Amino acid sequence: MLKLYNSLARELQDFRPIEPGRVRMYVCGMTVYDYCHLGHARVMVVFDMVTRWLRASGYQVTYVRNITDIDDKIIKRAGENGESIRALTDRFIAFMHEDAAALGVLKPDAEPRATEYVPQMLGMIGDLEKNGYAYVAANRDVCYSVRKFAGYGKLSGKSLEDLRAGERVDVAAGKQDPLDFVLWKGAKEAEPDEAKWPSPWGTGRPGWHIECSAMSSQLLGRHFDIHGGGQDLQFPHHENEIAQSEGAHGSTFVNYWMHNGFVRVDDEKMSKSLGNFFTIREVLKQYDAEVVRFFILRAHYRSPLNYSDAHLDDAKHALTRLYTALKGFDGEAPVDWNEAHAQRFRAAMDNDFGTPEAVAVLFDLASEVNRTGDAQLAAQLKALGGVLGLLQRPAVEFLQAAPASGLANEAIDAMIVARAAAKKAKHFAEADRIRDELKAAGIVLEDGPGGTTWRRA
RNA sequence: GGCGCGAUGGCAGAGUGGUUAUGCAGCGGCCUGCAAAGCCGUCUACGUCGGUUCGAUUCCGGCUCGCGCCUCCA
């Protein structure tokens with residue numbers, strides 16, 4: 001039985017889908033006006049892992065991850081670049097897909113773009129108005145009246161009073177309550193036509209939160225199983241989603257809320273506003289994408305994850321150990337779930353997606369493979385790694401994966417041949433010289449019974 | 001100020017009321033021409049003060065420190 005930590009209840013709960021055998025999950029994706037950074041990588045990898053584990057557990061999963069392609073920052077950036085909003089967002093969606101693919105993230109079942117669901121959002125705002133939750137503010141924005149929604153604060157654990165006490169934002173013109181948020185933003189003269197849609201409340205564009213309420217109910221139904229995203233979305237974004245969806249539909253929105261922890265740099269949250277972020281493609285110039293995925297999965301999804309070169313190097317060495325164990329085995333087989341390691345793996349994953357422990361099982365399995373040379377266990381190792389989206393390449397390909405600049409394979413092979421000749425002639429000084437030369441170039445030699453193999457350090 | 005999370009060995013990072021996490025790094029040994037890889041063995045732990053208990057790193061409370069949210073942010 002899968003247990004997961006439900007942010008809404010703030011406790012570990014047994015997972016029971018609404019419909020037996022079927023899971024419907026929605027995750028808040030990216031706002032596409034810039035490259036994805038490591039924080040985005042974490043969300044993508046974490047919920048990819050969740051999807052894979054649910055599927056491995058026999059569920060039929062429908063996974064939706066949205067794309068926010070209209071908001072203040074997008075309008076601003078497109079203006080700065082002198083390009084259309086569509087051109088800007090299309091470009092960064094393509095980059096996002098490249099990054100996701102590199103990290104072994106499978107495509108969600110649907111990736112709705114906000115701009116394609118404006119009619120559904122308007123319908124929902126209409127329902128909210130009808131139900132008494134929405135009002136038109138003095139500045140023509142349509143706002144949500146949080147005090148009308150009895151459950152406001154249930155996800156973030158905040159009360160309206162607490163929130164008001166810490167108020168540090170200027171109250172937008174015309175809001176009845178500082179915490180009210182915008183459902184529909186009235187159009188500004190200076191904004192491009194591309195950012196304007198007609199509506200019963202005048203020309204404008206959607207507020208940020210309404211898209212997720214509209215798209216999730218459209219694609220998954222009004223009531224679905226899991227809603228995920230980064231911890232920073234818990235408040236106000238997800239709190240507002242609940243207020244909108246439950247206010248409009250009058251029924252429960254989501255059963256389980258999952259929030260992944262932040263990626264940090266020097267013990268501080270990596271974020272756009274702090275400017276301390278590394279883009280995925282920046283990191284991938286230096287590290288193999290699978291190392292980055294492994295680095296993310298080696299920590300529990302709710303824990304903070306500190307980024308540094310030293311930690312990535314550590315992850316690389318660790319992953320190298322797993323691939324080294326797999327070297328020389330090319331058999332593949334589906335996971336044998338009756339086998340002892342697989343059972344431990346399952347127990348770890350069923351405990352709130354305990355990937356750190358699941359990865360530890362992989363290492364135990366690797367030791368066993370090294371000790372016994374058992375091909376079946378090697379296949380099991382590869383298959384279990386596959387459940388996490390790891391270890392699927394031929395071992396030699398990973399071990400010899402070439403960095404941007406480095407010695408060509410042919411040159412390495414030639415030097416190994418020369419060294420073998422020197423060794424045969426007992427010219428060990430010459431053999432060692434060649435080995436040292438390769439080592440200086442980042443190539444490590446390993447002499448085995450079947451000859452010499454190499455890998456990149 | 002309000003709300004919440006966390007503090008584990010040199011580093012990273014799990015977990016558990018009493019028995020080895022795991023990886024990297026270190027040390028000793030085996031293997032090797034010497035190495036590397038691998039194998040065997042091994043050293044560094046559970047912030048602090050109290051409480052509960054036969055027994056607490058694990059449960060409860062105080063304290064200290066760190067982090068997050070309360071503003072766009074995955």
Side-chain angles (χ1 to χ4, degrees), chain A residues 7 10 27-31 34 36-47 65 68 71-73 153 156-159 161-170 179 208 228-237 239 259-264 267-274 277 294-295 298-300 302-306 308 310-322 324-325 327 344 348 351 354-364 366-367 369-373 399 423 426-429 431-432 435-436 438-439 443-449 452-455 457:
Chain A
S7 306
R10 284 181 247 343
V27 171
C28 288
M30 263 55 75
T31 300
D34 207 343
C36 293
H37 59 65
L38 239 33
H40 300 120
R42 193 175 191 190
V43 192
M44 292 197 280
V45 168
V46 161
F47 288 99
R65 189 184 63 211
T68 300
D71 91 322
D72 290 354
K73 285 175 184 164
S156 52
K158 299 173 192 300
S159 69
E161 289 63 40
D162 293 341
L163 287 163
R164 283 182 190 115
E167 191 60 52
R168 49 176 162 136
V169 190
D170 293 336
L179 292 160
W208 173 37
Q231 233 161 35
D232 44 2
L233 297 186
Q234 191 166 351
F235 189 89
H237 184 56
E239 192 71 63
H259 293 99
N260 65 273
F262 298 129
V263 175
R264 303 199 207 169
D267 287 319
E268 247 186 0
K269 175 185 172 183
M270 178 184 289
S271 74
K272 295 263 186 173
S273 22
L274 288 171
F277 61 91
F294 178 80
F295 168 68
R298 198 157 67 133
H300 187 85
R302 285 193 282 116
S303 302
L305 180 62
N306 254 318
S308 76
H311 297 161
L312 265 291
D313 287 339
D314 188 84
K316 178 187 173 178
H317 292 144
L319 187 57
T320 296
R321 177 171 162 82
L322 293 179
T324 300
K327 198 168 73 167
R344 281 174 55 207
N351 182 25
T355 55
E357 255 196 288
V359 166
V361 172
L362 258 31
F363 282 102
D364 287 345
S367 294
V369 170
N370 287 332
R371 227 175 293 131
T372 63
L399 295 170
K423 272 177 68 176
K426 305 258 185 238
H427 293 155
F428 292 121
D432 290 350
R435 187 172 61 199
D436 289 345
L438 282 167
K439 191 178 176 189
I443 308 298
V444 179
L445 297 188
E446 292 170 358
D447 292 341
T452 299
T453 58
W454 62 273
R455 65 185 163 87

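Note that the structure is a prediction, hence the values are computed from the model and not measured. Chain identifiers are assigned alphabetically (A, B, ...) following the order of the sequence lines, protein sequences preceding nucleic acid strands; residue numbering begins at 1 within each chain. Any value given below was found using the heavy atoms of this structure, including those in side chains, with hydrogens, waters and symmetry copies removed.
- Residue A/Ser367 is classed as a sugar-phosphate contact, given heavy-atom separations below 4.0 Å to backbone atoms only.
- The base of B/rC73 is paired with the side chain of A/Lys269 by a donor and an acceptor separated by under 3.5 Å.
- Here B/rA21 is the nucleotide among B/rC73, B/rC34, B/rA21 with the atom lying nearest to any side-chain atom of A/Glu357.
- Checking B/rC69, B/rG23, B/rC39 against the side-chain heavy atoms of A/Arg371 singles out B/rC39 as nearest.
- At least one side-chain heavy atom of A/Asp34 sits less than 4.5 Å from a side-chain heavy atom of A/Lys272.
- When each of B/rC73, B/rG13, B/rA36 is scored by its nearest atom to the side-chain atoms of A/Ala299, the top-ranked nucleotide is B/rG13.
- Contact of A/Ser156 with B/rC69 (side chain to base): no donor-acceptor pair of N or O atoms is detected under 3.5 Å.
- Ring geometry, A/Trp208 versus A/His237: the interplanar angle falls under 30°, so the pair is classed parallel (tilted spans 30 to 60°).
- The closest side-chain heavy-atom distance from A/Asp364 to A/Arg344 is below 4.5 Å.
- OP1 or OP2 of B/rA74 lies within a sub-4.0 Å distance of a side-chain N or O belonging to A/His40.
- For A/Arg455, whose side chain is taken as the heavy atoms from C-beta onward, the closest listed nucleotide among B/rC69, B/rA14, B/rA36 is B/rA36.
- Counting only heavy atoms from C-beta on, A/Ala431 has its side chain closest to B/rG33 among B/rC24, B/rA74, B/rG33.
- Judged by distance alone, with hydrogens and angles left aside, A/Arg42 brings no side-chain donor or acceptor close enough to the base of B/rA74 to form a pair under 3.5 Å.
- When the nucleotides B/rG38, B/rA12, B/rA35 are ranked by their closest atom to the side chain of A/Arg435, B/rA35 comes out on top.
- A donor N or O paired with an acceptor N or O is found under 3.5 Å between the base of B/rC69 and the side-chain atoms of A/Lys158.
- Between A/Asn260 and B/rA74, a side-chain N or O to OP1/OP2 separation shorter than 4.0 Å is absent.
- Straight-line distance from the CG atom of A/Asp447 to the C1' atom of B/rG33: 10 Å, rounded to whole Å.
- A side-chain donor-acceptor contact under 3.5 Å links A/Lys316 to the backbone of A/Ala457.
- A donor-acceptor contact under 3.5 angstrom links the side-chain atoms of A/Asp432 to the base of B/rG33.
- A/Leu399 places its CG atom 13 Å from the C1' atom of B/rA36, with the value rounded to the nearest Å.
- Protein atom CH2 of A/Trp454 is 15 Å distant from nucleotide atom C1' of B/rA36, rounded to whole Å.
- Whole-Å rounding puts the A/Phe294 CZ to B/rU22 P distance at 14 Å.
- Listed nucleotides B/rG23, B/rC69, B/rU22 differ in distance to A/Ala360; the shortest reach to its side chain belongs to B/rU22.
- The side chain of A/Lys73 sits closest to B/rC72 out of B/rA74, B/rA14, B/rC72.
- Rounded to whole angstrom, the span from the CZ atom of A/Phe363 across to the C1' atom of B/rU22 amounts to 7 Å.
- A salt bridge is defined here as a Lys NZ or Arg NE, NH1 or NH2 lying under 4.0 Å from an Asp or Glu carboxylate O, and A/Arg264 with A/Asp267 meets this definition.
- Note on A/Arg321: a side-chain N or O is less than 4.0 Å away from OP1 or OP2 of B/rC39.
- The base of B/rC5 does not come close enough to the side chain of A/Arg302 for any donor and acceptor atom to sit less than 3.5 Å apart.
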